[in-house]
Amino acid sequence: MTVKLGANRYGKAETRLVHVVRDGPTHHVKDVSVSIALSGDMEAVHLTGDNATVLPTDTQKNTVYAFARRHGVGQIEEFALLLARHFVGSQRPIHHARVEVEEYGWNRTGAHSFVRDGGEVRTCVVHHDIDGRTTVVSGLKDLVVLNSTGSEFHGYIVDEYTTLEPTTDRILATAVAAQWRHRADDTASYVKVYEEVRGALLDAFAGTHSLSLQQTLYAMGERALTACPEICEVRLAMPNKHHFPVDLSPFGLDNNNEVFFAADRPYGLIEGGVLREDAPAAGFAWE
Ligand SMILES: O=c1[nH]c(=O)c2[nH]c(=O)[nH]c2[nH]1
């Protein structure tokens with residue numbers, strides 16, 4: 001039987017880059033996912049394992065981060081063109097580059113605070129029993145927020161397995177899942193409460209200089225309870241969406257907290273409730 005190599009391509013998929021442009025206290029963020037597929041003289045690597053024409057996918061990923069530092073991201077079409085031309089122009093065996101970029105939009109909620117466009121889900125869970133007892137819990141999930149500064153994390157336990165470096169300036173990002181228990185089932189407008197809680201959560205996230213996501217969580221719950229007399233308890237679940245500064249020193253570039261790898265997993269998961277001292281018993285509200 002004779003066979004031959006068919007169509008092929010290879011590259012680094014879904015490099016998650018967050019680029020923070022610091023314009024004094026006002027920051028701008030570009031949040032993109034870059035997928036590269038290269039093709040060309042790739043017979044030998046497939047047939048004999050000779051890697052002489054292979055630009056490693058790891059290098060492709062590094063190029064994305066280095067180009068962000070060097071040129072900025074700008075319009076995604078321009079960034080994609082820059083990368084595609086670079087790969088084909090700099091490596092003779094590479095004849096074709098496909099560069100796909102997805103950009104995730106962020107709306108400003110403060111000088112260095114942002115909320116992700118759309119995607120947020122409104123929720124509720126109601127119980128009612130034969131004895132006439134009723135509970136209403138409303139909520140939201142997938143409310144993705146980011147502070148590009150104003151977040152520190154240090155002073156934690158250090159044991160023989162700790163490698164995390166303390167930081168006084170990191171990105172703090174999370175997808176907020178919040179649920180709030182209505183004091184009674186006579187809330188006049190659930191939409192109004194929703195808008196107020198959402199606003200309070202966003203304000204507290206943007207306005208809290210954070211020493212931990214736990215502290216920010218508590219501030220958000222407290223702000224929601226202060227803003228809305230109709231509710232008596234807030235429960236929050238917030239994944240710590242880690243953003244790691246990329247080490248660009250091997251490419252002769254500095255990284256002043258501007259170019260980040262946005263990791264999707266694993267993530268810290270911070271959960272907690274805040275309730276009024278005089279909150280009525282929850283009963284089956286959270287079941
Ligand atoms: O805000 C944080 N809380 C933690 O408990 C934690 N743990 C960790 O590794 N990073 C962080 N960040």
Side-chain angles (χ1 to χ4, degrees), residues 16-23 25-33 73 102-124 138-153 167-180 191 193-228 231 233-245 257-274:
R16 291 285 287 103
L17 159 71
V18 171
H19 187 220
V20 177
V21 178
R22 292 167 171 246
D23 180 7
T26 304
H27 292 186
H28 307 270
V29 292
K30 277 280 179 185
D31 180 1
V32 297
S33 172
V73 176
E102 289 186 355
E103 177 173 2
Y104 312 110
W106 292 89
N107 296 315
R108 185 176 293 284
T109 57
H112 54 257
S113 302
F114 305 88
V115 57
R116 195 99 146 228
D117 262 353
E120 155 195 351
V121 177
R122 193 176 156 192
T123 65
C124 80
S138 303
L140 56 78
K141 60 182 181 181
D142 303 332
L143 178 67
V144 182
V145 288
L146 180 149
N147 286 335
S148 53
T149 187
S151 167
E152 312 186 22
F153 190 65
T167 176
T168 56
D169 189 4
R170 65 174 182 175
I171 285 186
L172 187 68
T174 186
V176 180
Q179 289 184 293
W180 48 94
V191 178
V193 171
Y194 180 86
E195 297 295 345
E196 285 173 357
V197 173
R198 184 180 184 280
L201 295 173
L202 291 178
D203 282 353
F205 183 82
T208 303
H209 184 97
S210 177
L211 299 178
S212 66
L213 189 50
Q214 289 88 330
Q215 180 206 15
T216 296
L217 177 150
Y218 184 81
M220 292 166 73
E222 183 179 35
R223 188 81 64 99
L225 287 167
T226 305
C228 299
I231 65 174
E233 181 176 4
V234 181
R235 292 188 180 184
L236 291 151
M238 313 213 308
N240 192 354
K241 295 167 83 74
H242 303 296
H243 288 65
F244 300 109
N257 262 351
E258 288 173 29
V259 178
F260 294 88
F261 160 53
D264 65 344
R265 62 193 70 171
Y267 51 86
L269 181 58
I270 313 299
E271 301 173 279
V274 186

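Index from 1, following the sequence.
Judged by distance alone, the side chains of D31 and W106 do bring a donor and an acceptor atom under 3.5 Å apart. Between the side chains of T208 and T216, not a single donor N or O lies within less than 3.5 Å of an accepting N or O. Judged purely by distance below 3.5 Å, without hydrogens or angles, the side chains of R16 and S33 never pair a donor atom with an acceptor atom.
Remark: side-chain polar atoms of S113 are not paired, donor with acceptor, to backbone N or O of T109 under 3.5 angstrom. Between the side chain of H243 and the main chain of V259, no donor-acceptor pair closer than 3.5 Å is present. Judged by distance alone, with hydrogens and angles left aside, the side-chain atoms of R108 form a donor-acceptor pair with the main-chain N or O of H27 at under 3.5 Å. Judged by distance alone, the side chain of T174 and the main-chain N or O of P239 form a donor-acceptor pair under 3.5 Å. Between the E195 side chain and the V191 main chain, no donor and acceptor come within less than 3.5 Å of each other.
For the atom pair CG of L172 and OG1 of T149, the computed distance is 10.5 Å after rounding to the nearest 0.5 Å. Atom CG in N257 sits 8.5 Å away from atom OG1 in T168 (nearest 0.5 Å). How far CZ of R170 is from OG of S148: 13.5 Å, rounded to the nearest 0.5 Å. Atom CG in N147 sits 8.5 Å away from atom CZ in F114 (nearest 0.5 Å). Taking CZ of F205 as the start and OG of S210 as the end, the distance is 7.5 Å to the nearest 0.5 Å. With values rounded to the nearest 0.5 angstrom, T167 atom OG1 is found 10.5 Å from F153 atom CZ.
H209 places a side-chain heavy atom less than 4.5 Å from the side chain of E152. You'll find the side chain of V144 stays beyond 4.5 Å of the side chain of D117, heavy atoms only. With a 4.5 Å cut-off on side-chain heavy atoms, H112 and V29 do not count as touching. W180 is not listed as a side-chain neighbour of E233, based on a closest heavy-atom distance of 4.5 Å or more. Annotation: side chain of M238 is not in contact with side chain of E271 (no heavy-atom distance under 4.5 Å). Using a 4.5 Å cut-off on side-chain heavy atoms (C-beta onward), V176 and L236 make contact. Contact annotation: the side chain of F260 approaches that of V20 to within less than 4.5 Å [non-hydrogen atoms, C-beta and beyond].
Between D169 and R22 there is a salt bridge, since a side-chain N of the basic residue sits under 4.0 Å from a carboxylate O of the acidic one. Under a 4.0 Å N-O distance rule, the pair E120/R198 qualifies as a salt bridge.
Under the 6.0 Å distance and 45° angle rule, R122 counts as a cation-pi partner of Y194.
Nearest heavy-atom pair, A224 versus L201, reported as atom, atom and distance to 0.1 Å: CB-CD2, 4.4 Å.
By the neighbour-count criterion of 12 heavy atoms within 6.0 Å, atom OH of Y218 is sparsely surrounded, having that number or fewer from other residues, nucleotides or ligands.
Scored by the side-chain hydrogen bond (donor to acceptor under 3.5 Å, both in side chains) test, K241 finds no partners at all (sequence neighbours excluded).
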